*Asks:* 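Structure in structure tokens, see below.
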Amino acid sequence: MLHDPNRIYVFDTTLRDGEQVPGSQLTTPEKLIIAEALETLGVDVIEAGFPISSPGDFNSVVEISKLVTNPTVCALTRANKGDIDCAAEALKYAKHPRIHTGIGSSDMHIKFKFNSTREAILERAVEAVKYAKGFVEDIEFYAEDAGRADNEYLARMIEAVIAAGATVVNIPDTNGYCLPEQYGAKIKYLKENVKNIDQAIISVHCHNDLGLATANSLAGLQNGARQVECTINGIGERAGNTSLEEIVMALKVHQSLDLHTAINTKQLYPLSGMVSRMMRMPVQANKAIVGRNAFAHSSGIHQDGVLKHRENYEIMNPEDVGIDQSEIILTARSGRHALKHHLVRLGYAIDRIDLDQVYQRFLELADAKKELKDDDLLQLMGAKAEEN
Ligand code: KIV
Ligand code: ZN
């Protein structure tokens with residue numbers, strides 16, 4: 001059913017799972033701006049919200065459905081008719097609508113969240129998919145807490161919902177519990193033990209409680225999943241979701257995996273900034289791909305290496321993620337090579353400068369100021385620096 005077996009579908013849930021972050025709620029106009037940017041980025045699916053949760057969320061799903069043309073617009077529901085009716089209504093303007101319904105699959109959730117039994121939950125799952133199928137063709141089923149679910153039961157559940165009409169089956173590690181080997185093995189188990197698995201796309205949805213969301217998603221994709229659920233900057237419940245920019249760049253850098261997305265990676269950095277600003281969630285400086293320091297080199301050894309050949313200390317091009325160029329930060333750890341690089345950039349005729357002498361003065365200033373900017377260098381050089 002897939003034309004290209006190595007194509008990875010990117011399902012962005014910034015506006016649903018991501019927006020669950022406390023203090024980061026967005027207005028509908030803000031969500032529309034982000035949805036438009038996600039379309040330009042090239043995501044395949046936008047999870048626009050959970051329509052039953054509030055009139056505002058319902059309205060956002062309606063407006064996003066009207067706005068975007070290429071991506072599928074997806075709305076979340078629990079496994080009940082009221083949620084599904086509401087999602088179907090919210091999606092009625094979508095060119096490519098998808099209902100994302102599901103229920104807990106771990107014994108923990110079955111017992112302590114639903115006070116139910118495996119068989120009763122399996123029946124509810126199937127009923128929900130059949131009911132949703134009455135509204136739209138494209139149905140994604142999520143087996144919540146699949147990361148901790150018993151594989152044999154999970155496989156039965158997945159087989160039953162595919163038979164009921166699910167087109168995508170989402171295997172969430174809801175609590176970010178799994179190790180990459182465990183999560184990868186779970187996906188492999190489903191590939192090998194669910195008879196009708198080829199009639200659906202397997203989706204990975206990983207949380208970052210142990211800092212393993214991206215690694216787990218990658219393990220899932222390597223074992224046969226073909227959709228990845230993620231958010232810009234990895235925002236989301238608790239420690240967040242798989243970061244879109246990390247998973248996309250991991251696939252791009254490791255071409256030997258032969259898995260590719262349709263993401264226009266040059267949009268990653270601007271979109272990261274937009275989401276951070278609108279959601280009032282600063283991006284940590286050392287965040288992979290989009291953090292302030294992701295392409296900044298500050299130790300003398302690294303600066304020297306990167307100035308000799310960029311790839312000595314860079315595994316990807318900053319331009320590929322929308323950053324103009326990597327940065328050589330001037331601190332007391334910098335060497336002459338880095339200082340020279342900045343002086344040349346500022347237009348100094350380096351062969352007319354006593355670099356050793358300037359470097360000594362540079363170190364004194366850098367020890368006092370920690371990081372030197374262009375203004376500091378200009379001041380350091382003063383009028384007398386260009387000797388002769
Ligand atoms: O983490 C999770 O299990 C979810 C589902 C609702 C898809 O976000
Ligand atoms: Zn989630």
Side-chain angles (χ1 to χ4, degrees), residues 9-22 24 43-54 57 61 72-80 83-84 86-87 90 98-110 112-114 121 124-125 128-129 132 138-149 153-154 157-158 161 166-178 182-183 186-187 190 200-214 216-217 220 225 227-244 246-247 279:
Y9 294 93
V10 175
F11 174 116
D12 180 90
T13 183
T14 305
L15 300 177
R16 198 281 296 172
D17 222 347
E19 216 242 349
Q20 292 178 206
V21 172
S24 292
V43 303
D44 300 286
V45 185
I46 295 176
E47 186 160 52
F50 180 19
I52 195 85
S53 66
S54 76
D57 226 39
V61 177
T72 293
V73 179
C74 179
L76 186 81
T77 82
R78 290 164 297 187
N80 67 59
D83 280 25
I84 294 169
C86 185
R98 177 182 294 177
I99 292 178
H100 189 190
T101 191
I103 199 159
S105 61
S106 65
D107 287 331
M108 173 71 74
H109 277 213
I110 291 170
F112 296 112
K113 184 170 161 186
F114 296 103
I121 290 291
R124 267 184 73 177
V129 171
D138 191 5
I139 306 295
E140 175 165 339
F141 175 81
Y142 65 86
E144 196 180 10
D145 203 19
R148 293 188 297 175
Y153 173 69
L154 184 64
M157 183 183 246
I158 295 303
V161 295
T167 42
V168 181
V169 286
N170 177 11
I171 314 299
D173 186 18
T174 304
N175 294 294
Y177 168 75
C178 290
Q182 293 168 334
Y183 191 71
K186 193 171 280 284
I187 302 298
L190 295 174
I201 294 173
I202 301 181
S203 185
V204 291
H205 177 118
C206 298
H207 279 266
N208 205 30
D209 300 65
L210 293 173
L212 294 171
T214 301
N216 285 346
S217 297
Q227 177 178 279
V228 60
E229 309 200 358
C230 44
T231 61
I232 302 293
N233 297 334
I235 58 169
E237 285 275 353
R238 308 180 308 280
N241 289 61
T242 299
S243 142
L244 183 148
E246 290 175 16
I247 191 77
M279 298 188 100

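What's counted below: heavy atoms across the whole structure, side chains too, no hydrogens, waters or symmetry copies. We count ligands from 1, going down the list as the structure has it; atoms in each ligand are counted the same way. Since we're looking at a predicted model, the values are computed, not measured.
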*Asks:* To check your reading of the model: name the closest protein heavy atom to atom 4 (C) of ligand 1, its residue, and the distance in Å.
*Replies:*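 Ranking protein heavy atoms by distance from atom 4 (C) of ligand 1, first comes His205 NE2, 3.5 Å.
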*Asks:* Could you tell me which N, O or S atom of Asp17 is nearest to the Zn ion (ligand 2)?
*Replies:*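 Closest N, O or S atom of Asp17 to the Zn ion (ligand 2): OD2.
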*Asks:* Please report the interatomic distance OG1(Thr77) to CD1(Ile52), rounded to the nearest 0.5 Å.
*Replies:*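 Thr77 atom OG1 to Ile52 atom CD1 measures 9.5 Å (nearest 0.5 Å).
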*Asks:* Are Glu47 and Arg98 ion-paired here, with the side-chain N under 4.0 Å from a carboxylate O?
*Replies:*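 No.
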*Asks:* Run the numbers for me: atoms of ligand 1, each under 4.0 Å from some heavy atom of Asn170, listed by number.
*Replies:*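 That gives atoms 7 (C) of ligand 1.
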*Asks:* Under 4.0 Å, heavy atoms only, figure out whether ligand 1 is touched by the backbone of Thr13, its side chain, both or neither.
*Replies:*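 Looking at Thr13 and ligand 1, no heavy atom falls under 4.0 Å.
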*Asks:* Students should be able to answer this: which protein heavy-atom is nearest to atom 3 (O) of ligand 1, and at what distance?
*Replies:*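 Going atom by atom, the protein heavy atom closest to atom 3 (O) of ligand 1 ends up being Thr174 OG1, 2.6 Å.
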*Asks:* What do we get for Arg16 next to ligand 1 when only non-hydrogen atoms under 4.0 Å count, side chain, backbone, both or neither?
*Replies:*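 It is the side chain that touches ligand 1; the backbone stays farther off.
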*Asks:* Which ligand 1 atoms are under 4.0 Å away from a heavy-atom of Pro172?
*Replies:*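 Numbered from 1, ligand 1 contributes 2 (C), 3 (O).
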*Asks:* Under 6.0 Å between ring centres, would you say that holds for His100 and Tyr142?
*Replies:*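 Yes.
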*Asks:* Quick test of your reading of the structure: of His207, His100, Glu144, whose heavy atom lies closest to atom 1 (O) of ligand 1?
*Replies:*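 Heavy atom nearest to atom 1 (O) of ligand 1 belongs to His207.
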*Asks:* Keeping Lys186 on the side-chain end and Ala149 on the backbone end, is there a donor-acceptor pair under 3.5 Å?
*Replies:*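 Judged by distance alone, yes, a pair lies under 3.5 Å.
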*Asks:* Using side-chain contact (heavy atoms from CB on, under 4.5 Å), reason through Ser217 and Val228 one step at a time and then give a plain yes or no.
*Replies:* CA-CA 7 Å; Ser217 297; Val228 60; 4.0 Å; yes
*Asks:* What distance do Gln20 atom CD and Asn241 atom CG have between them, rounded to the nearest 0.5 Å?
*Replies:*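 The CD atom of Gln20 sits 8.5 Å away from the CG atom of Asn241.
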